[in-house]
Amino acid sequence: MRKMTCTDVEQANPGYPQTPVLVDMSEQLTEAQQEAVEHIDGPMLILAGPGSGKTRVVTHRIANLLQHGIAPHRIAALTFTNKAADEMRIRLGTLAPGQDVWMGTFHRFCARLLRRYAPLVGLQENYSIYDTADSKQAMKRAVTAANVSTSHTSPEQIAAVISRAKNRLVGPEMMQGQSLRANETVAARVYPVYQQQLLTANAVDFDDLLFHIARLLRESPELRAELDQRYQYIMVDEYQDTNLAQYAIVRSLSIDYPNLAVTGDPDQSIYGWRGADLNNILDFEKDYPHVKTVRLEKNYRSTPNILRAADQLIRHNTRRKNKQLLTDREEGAAVVLRMYEDGYREADDIADQITAAIAMEDCRPRDFAVFCRMNALTRSLEHAFRSRSLPYQIVNGVEFYQRKEIKDLLAYLHLINNPAHDVALLRVINVPTRGIGAKTIERLRDFADSHRLPLLEAARRVDQIDTLPARSATKVRQFVEMFDRLSIKATAALEDLVLYLLEETGYRKYLEKSSVDEQDNSPLANVDEFVTATVEFDRQHPDDGSLEAFLEQVALVSDTDAWEESNDRVTLMTMHAAKGLEFPRVFIIAVEDDLLPHYRCKEDPMQVEEERRLLFVGITRAEQQLQLSYCKRRAMRGEMRPVVGSPFLMELPREEMRSVEPDDSNQFFDAPDEFAYPDSWDLPAVDANDDHDELCQLPPEEQMPEKPAKSDKALPAALTTAAKLLDNQDQTQKVPLSAFKQGMVVTHAEYGGGRIATLTGRGPKCTATVEFFNGTQRSFRLAFAKLVPGDQDLD
DNA sequence: ATGCGCCAAGTTTTT
DNA sequence: CTTGGCGCAT
């Protein structure tokens, strides 16, 4: 189970302006790095390739600023993830101990400002931050209240449109006139309602954090000037991932004091879907005319083999800044390109490889990472790892905070902190059940909506709702009374508050009663862990009104923040989550068409480029060894489907890579009928730039560079000819899985005849244990085993 | 009002 | 294979 992390972001020791700064300038920095570190005033763009020591440069630069007498509180370092901020804080801690430089994510930066200036946007300072699930609930309610037809759209789509609007700084009023497309028109009508309801609930969603601050800065010149002066030296990490709102914020804080230093790499921009605008970094030099540009092109992380693969791949993109990847390191092992029959074998083999390496070589579980495109793909690996007792950590898994019992507890806390938090109230008003059903809630909501009141306030005025039966009104009144009892404890230590509410609300009893049979990961155990986390938080925040801080913390931590470097475990994560990390040995699984260039973005060349960058990010995490793999078939939404390798694989320097096919050439049933080349490949891969290799324009068959020796075997499925396919199919006997029954006689190609002793599992996992007539006993996955019914002769 | 069970839908990436 | 939404029986 995931551990809760309680990293404090605010550092509360303002009294150390004169602490000596321990910049160890004797540490070797390259010329380019030195240049960046020593830059003080004016805008700077640091184009930092992967593994180029960017964090080191940034922290050294901050130390250098401090050494030049710039007050720590004049500096702010904005990052994209908490993880990156923590890393920076630790590194700066060794260079300049005790300095109070603000470091954190954009969202946290804005959240903090918004606490102070909440009234300016119509909020109170105890406003709540809705997470994605909360906004989804709120959106549904807004859609209902706006009374629009959702026949051709969904709340999710509307939410996406509104989110995009906010990221582009388009407010509800601006959207009315301009929209054209159908679902945008609907969204435009929901938008103001949604926003009004957020305001009533004294809440913001993630986008609002940026949006409100960006607007404030634009509409209040005084405030803008004040904050510009307050934060005279701003650094932005991962600048290629900023959206327009973030751009605007940074921009308006760098007018009077244009000492803005941004680091980034256009090739690692992978958040376009979230509104990130690559132009922010591509046009930085235009936006800030006297900008100093520094390129960090030397890579300290990966072997030349890995870098060449990354470089070849990314060359196929058009929207980028030319950049070399240089290294002094030794060649290292060839990059491995591996094909598997299916995802299970892929998982098993990777688990075996890792197990063997740990046993035979000088490496540990923490040296390994497995990346994938979607979280769902970690399932099979999890299974394989667990069965081998290989320690692993999933950075994402079933997220702790998303479990029902944790969300319920958090909802109670949210409600205590912000009684207007409607989503929280709706969540807990009848959990455990208190006789407040759907009808009652509907009436409460109608009353609240028509009076623009928070639901709890409506509940307080339950007497004014004449449509409500007396019995229901009583229940509601009892709930309000209970809430008031909780409220009294709001300022108590978090732990006490949580323990108190567990009893007072009857929630603990409710859990004890409802969860009898569940053993692993029982809700009660999660509740205990939650309590532990509050204890920890209390310990770290002895003074401040910790409930609000705690809730903000929880809202703004992401799953990627759960990753713990100190654990000696194999890491399983998405490539998005992997950004900024590095591992000696990396496996990237499911590099398959429709998955890596995800099918939902294949029509848009820009998005395909982003997918390519995603793979680039994955590849460049690897220090020493890298394996890319794909399968012939993969279980998707419950059933096996044939798949083909990603077209990106064709863009790699395959002649120098090591291609591996499954060593046991097991036949399989239901051979995929289309191993055909993906259509997208027929499109010219990249038009534009000078330097793309002509291989791309050849038809698939000729595209393969000549292979040395046994290249035939090494051909990926994607390139298998139709003729071979037919061949293959002819040899493959099609036997439906259902043909196998317990007790029946079967024949195996290697072991000969035998009898099925047991049959377990279903579908692709169906496994037969066979007692062979020669005395041995073996288990097989029916879907893959060379097993046929009856007592036959096999050639 | 509650709670169970069925059916349908929809599956990217995250602050 | 999972979640969420809805309808039915208690």
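Letters A, B, ... are given to chains in the order of the sequence lines, protein chains preceding strands, and every chain is numbered from 1. Scope of the values below: all heavy atoms of this structure, side chains included, with no hydrogens, waters or symmetry mates.
- Of all nucleotides listed (B:dA1, C:dG4, B:dT14), B:dA1 comes nearest to the side chain of A:K439.
- For the residue pair A:N279/A:R319, the side-chain donor-acceptor check at 3.5 Å is satisfied.
- Within the 4.0 angstrom heavy-atom criterion, only backbone atoms of the sugar-phosphate kind lie near A:T440; the bases stay farther away.
- Straight-line distance from the CG atom of A:L444 to the C1' atom of B:dA1: 15 Å, rounded to whole Å.
- For the pair A:Y401 and A:K407, the minimum side-chain heavy-atom distance is 4.5 Å or more.
- Rounded to an integer number of Å, the gap from CD of A:E639 to P of B:dT11 is 17 Å.
- Below 30°, between 30° and 60°, or above 60°: for A:Y271 and A:F80 the angle between ring planes is between 30° and 60°, a tilted geometry.
- Between A:H421 and A:H414, the ring planes lie tilted relative to each other; the angle falls in the 30° to 60° range.
- Among B:dA1, C:dG5, B:dT2, the nucleotide with an atom closest to any side-chain atom of A:T433 is B:dT2.
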Decide yes or no on ring-ring contact (aromatic ring centres under 6.0 Å, His included) for A:Y507 and A:Y510, but give the supporting numbers first.
CA-CA 5 Å; A:Y507 197 78; A:Y510 159 79; 5.3 Å; yes

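- Atom C1' of C:dG4 sits at a distance of 22 Å from the matching atom of B:dT13, rounded to the whole Å.
- Counting to the nearest Å, the P atom of C:dT2 and the CD atom of A:E382 are 12 Å from each other.
- A stacked arrangement is not assigned to A:Y271 and the six-membered base ring of B:dT13, the conditions of a centre distance below 5.5 Å and an interplanar angle below 30° not being jointly met.
- The nearest heavy atom of DNA chain B to A:Y599 and to A:G437 marks one nucleotide each, and the one closer to the 5' end goes with A:G437.
- Using a 4.0 Å heavy-atom cutoff across all strands shown, A:R434 reaches sugar-phosphate atoms only and no base atom.
- A:K407 has its NZ atom 14 Å from the P atom of C:dT3, to the nearest Å.
- Atom-to-atom, CZ of A:R427 to C1' of C:dG4 comes out at 13 Å; the value is rounded to the nearest Å.
- Comparing A:M636 and A:H107 by the nucleotide of DNA chain B whose heavy atom lies nearest to each, the residue mapping closer to the 5' end is A:M636.
- A:F106 comes within contact range of no nucleotide atom at all, as no heavy-atom separation falls under 4.0 Å.
- Residue-level contact check: A:I436 touches the backbone only, with heavy atoms under 4.0 Å from sugar-phosphate atoms and none from bases.
- Between the CD atom of A:Q246 and the C1' atom of B:dT14 there is a distance of 12 Å, given to the nearest Å.
- Out of B:dA1, B:dT2, C:dG5, the shortest distance to the side chain of A:N430 is found at B:dT2.
- Protein atom CE of A:M606 is 23 Å distant from nucleotide atom P of B:dT13, rounded to whole Å.
- For the pair A:N375 CG and C:dT3 P, the computed distance is 14 Å after rounding to whole Å.
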